[in-house]
Amino acid sequence: MQQAVVGKVSEDCLINSFLMLLHEKEREILQHAIHGNQPFPVSDVLDILSDYGVTSIPSASNIGKILLQVSETELISKPFLYITKLREGMGPFWQDVTDKEVHALYSVCTLTPSNVLRSLEVSAEDQQEAKVSRWLTRYIKSKDHKLLGRFLRFCTGTDVLLPYSRIRVQLVNMSNAAMRPKAQTCFNLLTLPKNYRTLVRLSENIDFYLYNPHLWDLSDLPH
């Protein structure tokens, strides 16, 4: 997006964007290699980068340069024609857009606890609902990018966080045997039991369903 709009992107942004395309475990390996937090994992890094045509032996001294070259190839050189056409199709509207404005757009769309919380609309009608609402806030604040993505997909059918999207949360009584989060993705509606008794119970219950998407009801899936 930034390359298409303003025609330039920082080296850090390029590398970080490329890393986000990788599987979580592979991303962690390369991040550790970059920061030198452990003995350099030569074989693991070479296994990952061999898919991108890297034949030189990576080391702590050249990994940054190698990753920059791979990132430029994958994110700029290969899609160059498409980026050019995209920029042309945007027309004059984008001529005055700056890289700071592009970063600002990304910042509100990034999966962070604060951005996810900003999208929630919760109306507590009594003390118990207010308590569960606070627990939900604490739950979301404790989650990483991966779980936030699953939470968003559970509620909306997509893990893309749009600036003005809203997730309405309703709290209802459920029997102990049927307590679970439910969602209607067409309406961005999340339904939670209002009779959770502890934060631990809420966390365990929601985590169980987010980690097991095969248990989601049809109404919990994108339509």
Side-chain angles (χ1 to χ4, degrees), residues 1 13 16-17 19-25 27-28 31-32 37 100-223:
M1 178 66 175
C13 181
N16 289 333
S17 297
L19 292 178
M20 291 304 298
L21 299 177
L22 303 178
H23 184 273
E24 182 180 2
K25 185 61 178 178
R27 181 164 62 249
E28 289 178 0
Q31 286 173 335
H32 287 313
N37 296 332
K100 289 183 178 179
E101 291 170 327
V102 174
H103 278 294
L105 177 60
Y106 274 120
S107 68
V108 298
C109 296
T110 303
L111 276 178
T112 63
S114 59
N115 284 343
V116 172
L117 286 172
R118 194 177 297 117
S119 71
L120 296 185
E121 293 182 349
V122 188
S123 230
E125 298 183 357
D126 55 43
Q127 290 185 345
Q128 178 61 23
E129 291 188 4
K131 185 185 297 184
V132 173
S133 297
R134 291 195 301 272
W135 289 341
L136 178 62
T137 296
R138 291 169 61 186
Y139 171 81
I140 290 175
K141 285 182 176 179
S142 70
K143 296 307 166 185
D144 59 16
H145 181 275
K146 183 177 181 179
L147 257 292
L148 291 175
R150 291 193 181 192
F151 176 82
L152 198 66
R153 185 166 182 80
F154 180 83
C155 298
T156 68
T158 176
D159 56 6
V160 177
L161 184 62
L162 300 178
Y164 302 108
S165 66
R166 292 292 179 267
I167 300 171
R168 187 163 62 90
V169 181
Q170 66 176 8
L171 302 170
V172 300
N173 277 308
M174 298 184 188
S175 67
N176 289 333
M179 288 180 67
R180 57 153 294 181
K182 299 180 180 180
Q184 295 180 43
T185 55
C186 287
F187 305 102
N188 288 4
L189 175 64
L190 172 65
T191 302
L192 292 176
K194 66 177 291 183
N195 46 320
Y196 285 127
R197 292 306 173 193
T198 65
L199 170 60
V200 172
R201 174 58 176 148
L202 177 146
S203 299
E204 290 177 345
N205 189 240
I206 297 178
D207 275 351
F208 177 79
Y209 285 97
L210 293 187
Y211 277 113
N212 295 279
H214 61 282
L215 297 177
W216 296 1
D217 287 343
L218 291 179
S219 60
D220 300 327
L221 298 173
H223 294 281

**Asked** Q128 and R197: side-chain contact (heavy atoms from CB on, under 4.5 Å), yes or no, with the steps?
**Response** CA-CA 9 Å; Q128 178 61 23; R197 292 306 173 193; 3.8 Å; yes
**Asked** How far does CG of D207 sit from OH of Y139, to the nearest 0.5 angstrom?
**Response** 3.5 Å
**Prompt:** Can you find a pair of side-chain heavy atoms, one from L152 and one from I167, that are under 4.5 Å apart?
**Reply:** yes
**Item:** Any E129 side-chain heavy atom under 4.5 Å of D126 side chain
**Value:** yes
**Prompt:** Less than 4.5 Å apart, any side-chain heavy atom of T191 and any of M174?
**Reply:** yes
**Message:** If you compare all heavy atoms of C13 against all heavy atoms of S17, which two are closest, and at what distance to 0.1 Å?
**Reply:** O-OG, 2.7 Å
**Message:** Is it the case that over 12 heavy atoms from other parts of the model lie below 6.0 angstrom from the NZ atom of K194?
**Reply:** yes
**Residue list, salt bridge (charged side-chain N to carboxylate O under 4.0 Å, His left out) with K141, at least two apart or on another chain** = none
**Request:** Apply side-chain contact (heavy atoms from CB on, under 4.5 Å) to T137 and R134, showing your working.
**Result:** CA-CA 5 Å; T137 296; R134 291 195 301 272; 5.6 Å; no
**Message:** Looking at every non-hydrogen atom in both residues, tell me the closest pair between T185 and F154 and how far apart they are.
**Reply:** CG2-O, 3.6 Å
**Asked** Which heavy atom in P181 sits nearest to a heavy atom in L190, and how many Å separate them?
**Response** CB-CD1, 4.4 Å
**Item:** Within 6.0 angstrom of R150 CZ, more than 12 heavy atoms from elsewhere
**Value:** yes
**Asked** Distance from L202 atom CG to K131 atom NZ, nearest 0.5 Å?
**Response** 12.5 Å
**Item:** Heavy-atom pair of closest approach, residues V116 and S119
**Value:** O-OG, 2.6 Å
**Message:** Within the 3.5 Å criterion, strictly below it, is a donor on S114 or T112 matched to an acceptor on the partner's side chain?
**Reply:** yes
**Request:** Output yes when a side-chain donor or acceptor of R27 lies under 3.5 Å from a complementary backbone atom of L22, and no otherwise.
**Result:** yes
**Asked** Do you know the tightest heavy-atom contact between Y196 and M179?
**Response** CD2-CE, 3.4 Å
**Message:** With a 4.5 Å cut-off on side-chain heavy atoms, are N176 and N195 touching?
**Reply:** yes
**Request:** Give the minimum heavy-atom separation between D144 and L147, together with the two atoms involved.
**Result:** OD1-N, 2.9 Å
**Under 3.5 Å: donor-acceptor pair, side chain of N212, backbone of F208** = yes
**Chi angles and distances behind the side-chain contact (heavy atoms from CB on, under 4.5 Å) call for L120, L136** = CA-CA 10 Å; L120 296 185; L136 178 62; 4.1 Å; yes
**Message:** With rounding to the nearest 0.5 angstrom, report the CZ to CG distance, F151 to D159.
**Reply:** 13.5 Å
**Prompt:** Roughly how far, to the nearest 0.5 Å, is OG of S133 from CG of L192?
**Reply:** 9.0 Å
**Complete:** The reported gap from CZ in R138 to NZ in K143 (rounded to nearest 0.5 angstrom) is 12.5 Å
